[in-house]
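In listed order, ligands and their atoms are each counted from 1. No experiment lies behind these values; they were computed from the predicted model shown.
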Amino acid sequence: SEEIEHHTFDVVVIGAGGAGLRAAIEARLQGKRTAIITKSLFGKAHTVMAEGGCAAAMGNVNPNDNWKVHFADTMRGGKFLNNWRMAELHAKEAPDRVWELETYGALFDRTPDGKISQRNFGGHTYPRLAHVGDRTGLELIRTLQQKIVSLQQEDHAATGDYESYIKVFHETTITELFKTDGRISGCFGYFRPTGKFVRFDAPAIVLATGGVGKSYSVTSNSWEYTGDGHALALRAGATLINMEFLQFHPTGMVWPPSVKGILVTESVRGDGGVLRNSEGKRFMFDYIADVFKNLYATTEEEADRWYTDPDNNKRPPELLPRDEVARAINAEVKAGRGSPHGGVYLDVSTRLSPEQILKRLPSMYHQFKELADVDITKEPMEVGPTCHYVMGGIEVDPDTGMSVVPGLFAAGECSGGMHGSNRLGGNSLSDLLVFGRRCGLGAAQYVDGLDARPQVQEADVVTATERALLPFTTAAEGGENPFVVHQELQKTMHELVGIIRKADEMELALKKLEDIAVRARTVSVTGGRAFNPNWHLALDLRNMLLVSMCVAKAALERKESRGGHTRDDYPVMDPEWRKVLLVCSAEGEDNVRLERKEQVPMRPDLLDLFEMDELKKYFTGEELGGHRATAQ
Ligand code: FAD
């Protein structure tokens with residue numbers, strides 16, 4: 001049998017996006033020998049694609065902003081299903097994390113008086129997104145990498161070895177986590193270029209693997225987003241929550257077909273872009289849900305005034321939370337008022353000068369010019385919903401990021417709870433920084449508290465190797481091509497567990513997923529192990545399937561509509577369901593068990609941040625009965 005490369009670390013971070021890098025920096029600052037593992041090239045995590053900005057209540061553009069308003073907006077955006085402790089920590093700590101990035105060398109766009117500028121985004125009461133044009137994620141990743149290099153230089157000065165404390169393994173995919181006596185002991189994977197196996201022994205692992213979008217056929221996500229962290233956690237005995245909640249971003253490109261799903265940043269609307277149907281009507285005024293009445297403008301005149309006088313006017317309904325806008329677009333297209341390619345029109349050309357568009361939205365200008373031959377300074381864009389973000393993820397302790405498995409931590413998009421049923425734009429980049437740091441700290445403290453390190457069982461390494469090689473051994477039996485099975489999976493999820501859901505369709509989806517599971521188990525690949533995309537997909541497929549089962553099962557179970565979960569057969573939000581979390585755990589290779597769990601009641605001082613009239617729209621009378629505000 002082949003020799004397996006073997007490394008030992010204190011903390012292994014899987015994922016080199018914002019969450020992974022911030023966690024690794026923290027673990028290193030706590031004196032831990034840390035590995036950073038990424039399936040793509042270093043610097044090419046999903047975070048780099050983030051456009052709009054990073055939400056933090058710094059109050060630079062509107063001094064009325066503070067963490068309490070940010071907290072309230074986040075809870076409202078998530079329809080009060082959020083883990084309130086996470087939302088509290090996030091709102092309180094985000095400004096410090098943004099400042100800290102500038103100490104690492106980031107340079108955000110400025111206000112005329114030299115402060116970090118902040119832009120408007122859906123669901124945020126005040127301008128709150130720190131940004132660098134529409135390339136904020138690039139600056140975030142660049143800066144975090146720069147910080148890592150500077151730490152490595154310090155380590156070189158002290159030890160003579162740049163990699164004595166932080167070592168990066170890129171193009172390395174982790175396929176298995178190891179546990180010994182119920183605790184994390186290490187992980188296993190392969191180097192993509194060579195196909196050779198590698199094993200990491202470590203008592204603490206931080207999952208920061210991002211999202212699951214590649215289970216859908218129309219998505220803004222790139223190839224890495226196959227839900228690996230979600231699936232690795234499940235198989236290691238951890239739990240996932242909120243998996244029924246997927247964010248369909250309202251504005252993805254719809255034309256040409258080769259680019260369908262690619263994101264059109266919400267900044268287009270934040271900076272003045274409006275949505276119109278084929279009749280030229282600004283239709284969002286017809287879609288302001290009851291819970292948002294009084295918070296949004298009801299006439300075009302008021303909406304237009306808001307851009308220059310936000311304190312005395314209400315914001316335009318184009319800036320409602322994403323789930324609301326995506327459903328509205330879906331309804332317009334269904335009613336026959338869509339654009340020629342099945343979307344609606346998004347227009348900045350009549351609202352901003354070409355100079356302003358080129359300055360504020362340079363990437364969007366190039367994206368449409370090059371990919372669709374549309375000049376957004378002159379013409380409207382055609383846009384429609386695209387699968388963008390998974391609110392659901394690994395259930396963690398809010399303060400430390402640890403899952404129910406000792407030694408297994410999670411941060412960023414692969415963790416769950418923070419965003420409830422719907423994430424506000426800009427709240428992900430801040431989430432990565434706040435909880436990436438907390439996870440690195442949590443992992444370091446956990447390692448310090450151990451008496452002895454759990455040892456990896458050699459038998460587990462053998463099993464992991466056999467599991468990874470399975471697609472080659474089934475080749476002789478003539479299994480299917482993984483690409484065919486993947487497409488079937490994407491189609492099933494897109495058509496049957498998509499933006500609008502029905503019981504019979506989801507039941508059909510679950511049947512299909514069972515059938516796909518059988519086929520996925522026997523997919524076969526030929527050729528060698530070096531850079532073999534069929535093999536890589538065969539292994540990723542196993543993860544996408546498990547995660548899709550969680551989404552479909554949880555979506556069938558939740559009999560109400562809330563945030564990123566819309567049921568045609570249960571169209572209203574039900575306060576009884578707000579109290580319920582659906583918790584997924586794995587049973588065997590690809591079976592999912594679903595359990596209900598009561599939410600922890602919100603702390604009274606946080607409840608007090610809301611008007612009772614608003615709370616009544618979300619909470620049951622019983623829940624509010626004991627709250628002192630009702631007595632007044
Ligand atoms: P990522 O940045 O995706 O990193 C995941 C890492 O895990 C990668 O390094 C990947 O290679 C690695 N990985 C995955 N699986 C494995 C494995 N099995 N083994 C080893 N490594 C693995 N949010 C905002 O707040 N503001 C925005 O403006 C914004 N714009 C966006 C624009 C686009 C086009 C998209 C797609 C998303 C946007 N988001 C935005 C959302 C936000 O970018 C993501 O939610 C966030 O970047 C996720 O960060 P992360 O650190 O959790 O994961």
> Taking only heavy atoms of I174, which atoms of ligand 1 are found under 4.0 Å from at least one of them?
17 (C), 18 (N), 19 (N), 20 (C)
> I'd like to check the ring-ring contact (aromatic ring centres under 6.0 Å, His included) partners of F188; sequence neighbours left out, ordered by chain and number.
F197
> Go through the structure and list residues passing ring-ring contact (aromatic ring centres under 6.0 Å, His included) with H486, not counting sequence neighbours.
none
> For T38, counting its heavy atoms only, list the atoms of ligand 1 lying under 4.0 Å from any of them.
9 (O), 11 (O), 21 (N)
> Give the atom numbers and elements of ligand 1 that come within less than 4.0 Å of a heavy atom of I37.
21 (N)
> Quick check on contacts: which atoms of ligand 1 are under 4.0 angstrom from a heavy atom of M49?
32 (C), 33 (C), 34 (C)
> Would you check if E93 and W67 make a side-chain contact, meaning some heavy-atom pair closer than 4.5 Å?
no
> Numbering the atoms of ligand 1 from 1, which are under 4.0 Å from a heavy atom of T173?
18 (N), 19 (N)
> Among K39, K214, H536, which one satisfies side-chain hydrogen bond (donor to acceptor under 3.5 Å, both in side chains) with T226?
K39
> Can you name the atoms of ligand 1, numbered from 1 with element, that are less than 4.0 Å from a heavy atom of G426?
24 (C), 25 (O), 26 (N)
> Are F200 and H7 close enough that their ring centers fall under 6.0 Å?
yes
> Mind checking whether T209 contacts ligand 1 via backbone (N, CA, C, O), side chain (CB onward), both or neither, at a 4.0 Å heavy-atom cut-off?
both
> Which option wins on minimum heavy-atom distance to atom 53 (O) of ligand 1: G52, G210, A19, S430?
G210
> Identify the two heavy atoms, one from G426 and one from S430, that lie closest to each other, and give their separation to 0.1 Å.
O-OG, 3.2 Å
> Between N427 and ligand 1, which residue portion shows a heavy-atom distance shorter than 4.0 Å: side chain, backbone, both, or neither?
backbone
> For ligand 1, which atoms sit closer than 4.0 Å to a heavy atom of H46?
1 (P), 2 (O), 3 (O), 36 (C)
> Can you name the atoms of ligand 1, numbered from 1 with element, that are less than 4.0 Å from a heavy atom of A208?
4 (O), 5 (C), 6 (C), 7 (O)
> Return yes when I14 approaches ligand 1 closer than 4.0 angstrom through a heavy atom, no otherwise.
yes
